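Side chains included, hydrogens not; waters and symmetry mates left out as well; all remaining heavy atoms used. Each chain gets a letter, A, B and so on, in the order the sequences are listed, and its residues count up from 1. Computed from a predicted model, the values in this text were never measured in an experiment.
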2 protein chains.
Amino acid sequence: MADSSFPDHSDPTVPRGSDKKASRNYPRPIVAVDTALLTTCPKRGLVVMQMWRDDIGKWALPGAFVRQGETLAQAVERCLRDKLGVQNIRPRQLHVLDDPHRDHRDWVISVAHVAVVRPDQLEALGCGVAGETRLASVDRPGDLAWDHPEIVRRAKTDVRERYETHPDPDRLLGPRFTLTELRGVHEAVAGEQFGRDRFRRAMEDKVEGTGMIEETGARGRPAELFRRKSLTSAAP
Amino acid sequence: MADSSFPDHSDPTVPRGSDKKASRNYPRPIVAVDTALLTTCPKRGLVVMQMWRDDIGKWALPGAFVRQGETLAQAVERCLRDKLGVQNIRPRQLHVLDDPHRDHRDWVISVAHVAVVRPDQLEALGCGVAGETRLASVDRPGDLAWDHPEIVRRAKTDVRERYETHPDPDRLLGPRFTLTELRGVHEAVAGEQFGRDRFRRAMEDKVEGTGMIEETGARGRPAELFRRKSLTSAAP
DNA sequence: CAAATAGTGTCTCTTAGACAGTATTTG
DNA sequence: CAAATACTGTCTAAGAGACACTATTTG
């Protein structure tokens with residue numbers, strides 16, 4: 001918490017006096033949230049959602065201004081729900097973009113976020129709910145407005161780093177999954193193939209078997225279903 | 001950048017109309033920066049600077065409100081310079097603390113930062129420049145105001161993680177140093193002893209020898225001086 | 001049984017860490 | 001030369017990765 005009772009009298013733009021109400025007269029920025037909404041495509045790997053902006057003639061990430069009484073995460077949820085119909089997201093904060101002149105119209109700082117959702121959660125987007133949208137690979141996001149390329153870069157790094165050390169931390173799969181399904185998700189996120197047994201060894205101590213067997217229609221031995229190891233599991 | 005030309009008409013607290021100037025009428029938070037100012041003590045390892053706050057009767061981290069036209073990093077620099085006389089810092093952004101009710105007096109969000117400085121840069125603090133201050137171990141920071149314990153926790157994690165993989169990234173040492181000096185700094189940051197040869201092997205590919213030899217007054221073979229390996233060095 | 005997929009035993013190569021040696025200085 | 005500190009060669013144990021083998025299912 002900063003020091004609202006210590007106004008700096010050497011700065012003429014700051015109101016005088018030690019009255020706590022004086023803080024009301026400080027100039028304040030608009031605080032925005034901008035979100036890299038990611039999902040996986042079987043073909044294209046990790047992709048980012050973008051919206052066409054008629055007013056500036058560019059593609060951009062979905063964003064909104066923070067309102068009084070809400071947290072940044074709530075602003076992200078509201079934005080994605082209202083603009084895109086996407087719900088049940090788990091936003092993560094990345095970084096504050098604070099160039100005072102990043103928007104020529106006003107003093108706007110933006111808190112960049114990332115949210116990863118299952119592909120089916122973006123199904124409604126094709127139906128014109130949200131104006132024109134597109135999905136692009138995080139490695140080639142195309143031409144984006146403002147500092148949004150930096151947000152995509154940070155989002156990509158954040159998600160890939162977390163998937164390197166944890167089994168599907170963003171719940172792209174349900175609570176139970178086969179190791180082959182898990183490997184498919186991790187390969188899509190990383191944009192890289194892993195050896196079958198290598199991946200199994202790496203994940204073995206981070207998941208636990210359920211004893212349940214996959215119901216398969218295909219040929220071959222059916223796989224065991226695993227779940228993420230809970231922190232409260234009994235120690236071995 | 002958020003969407004200032006898409007005001008949400010379903011919310012009565014938001015002004016109507018697509019006039020870009022309408023964004024001026026949105027309620028805006030005060031944006032603060034609060035900084036965990038860290039240094040190393042030979043005895044106590046990694047310590048954090050705290051200031052006594054008469055108005056709330058608690059110890060707190062130094063903080064300030066962001067002013068129009070300045071970046072968050074500049075606000076941190078101004079705060080530490082004006083309140084503590086500390087200069088030449090390299091602030092790193094950690095996280096935004098955004099509980100709408102974290103300060104009962106007003107809507108204040110805080111961008112937490114961490115800055116690491118050499119011990120001698122805090123020498124002036126004993127001279128009463130800045131009111132009452134204290135240094136406490138980051139592992140036992142004592143009773144701190146507001147959400148400042150969380151800032152210390154994040155700062156500690158951030159610094160220790162970066163020192164695990166890079167040689168003195170925060171420049172607690174000068175441009176040239178012996179491996180024993182480097183190990184001392186890393187042990188102070190980590191709060192843990194490393195084996196002499198183990199540490200040497202781990203750092204060997206991240207520093208480069210200068211050929212220069214330490215000027216020593218003490219007994220024993222003088223050590224070679226090393227420097228951080230620059231990214232533009234010739235590949236082997 | 002052939003094909004397909006799941007799961008495991010084992011070998012090798014790399015690497016982290018410890019130990020003990022050599023090297024260079026002061027007193 | 002003894003003591004102290006810097007540096008280095010080598011052994012060992014643990015881990016990553018590749019390969020090949022076994023197991024279980026469908027057609």
Check your understanding: Under the salt bridge (charged side-chain N to carboxylate O under 4.0 Å, His left out) rule, what pairs show up with a residue in residues 163-179 of chain A, not counting sequence neighbours?
Key -> A/R162-A/D170, A/D168-A/R228
**Study point:** Interatomic spacing from CG in B/L46 to CG in B/L38 - rounded to 0.5 Å
**Key:** 5.0 Å
Practice item. Starting at atom CZ of B/R200, determine the distance to atom P of C/dA20, rounded to an integer number of angstrom. Key: 19 Å
Please list, pair by pair, any protein nitrogen or oxygen found under 3.5 Å from a nitrogen or oxygen in nucleotides 12-19 of chain C.
from: C/dC19; atom 1: N4; to: B/D197; atom 2: OD2; distance (Å): 2.4

Review point. Under the side-chain contact (heavy atoms from CB on, under 4.5 Å) test, which residues partner B/P100, sequence neighbours left out?
Key: A/T71
**Study point:** ring pair (Phe, Tyr, Trp, His ring centres under 6.0 Å) contacts in which one or both residues fall within residues 150-169 of chain B, not counting sequence neighbours
**Key:** B/Y163-B/H186
Practice item. Please figure out whether A/R196 or A/G220 has its closest DNA chain D nucleotide nearer the 5' end. Key: A/R196
Point to revise | Donor-acceptor side-chain pairing of B/Q87 and B/R81 below 3.5 angstrom | key: no
Practice item. Please determine if a side-chain N or O atom of A/T180 lies less than 4.0 Å away from the OP1 or OP2 oxygen of C/dT5. Key: no
Exercise for review: May I ask you to decide if A/L72's main-chain N or O and B/D98's side chain share a donor-acceptor pair within less than 3.5 Å?
Suggested key: yes
Revision key, fill the gap. Contacted region of DNA chain D by chain B, from 5' end to 3' end of the hits, cut-off under 4.0 Å to heavy atoms, spans D/dA3 to D/dT10
Check your understanding: Any side-chain heavy atom of A/T39 sitting closer than 4.5 Å to one from A/Q121?
Key -> no
**Study point:** side-chain contact (heavy atoms from CB on, under 4.5 Å) against A/E161, all qualifying residues, sequence neighbours excluded
**Key:** A/T157
Check your understanding: Relative to the 5' end of DNA chain D, which residue comes earlier, B/I213 or A/R219, by the nucleotide with the nearest heavy atom?
Key -> B/I213
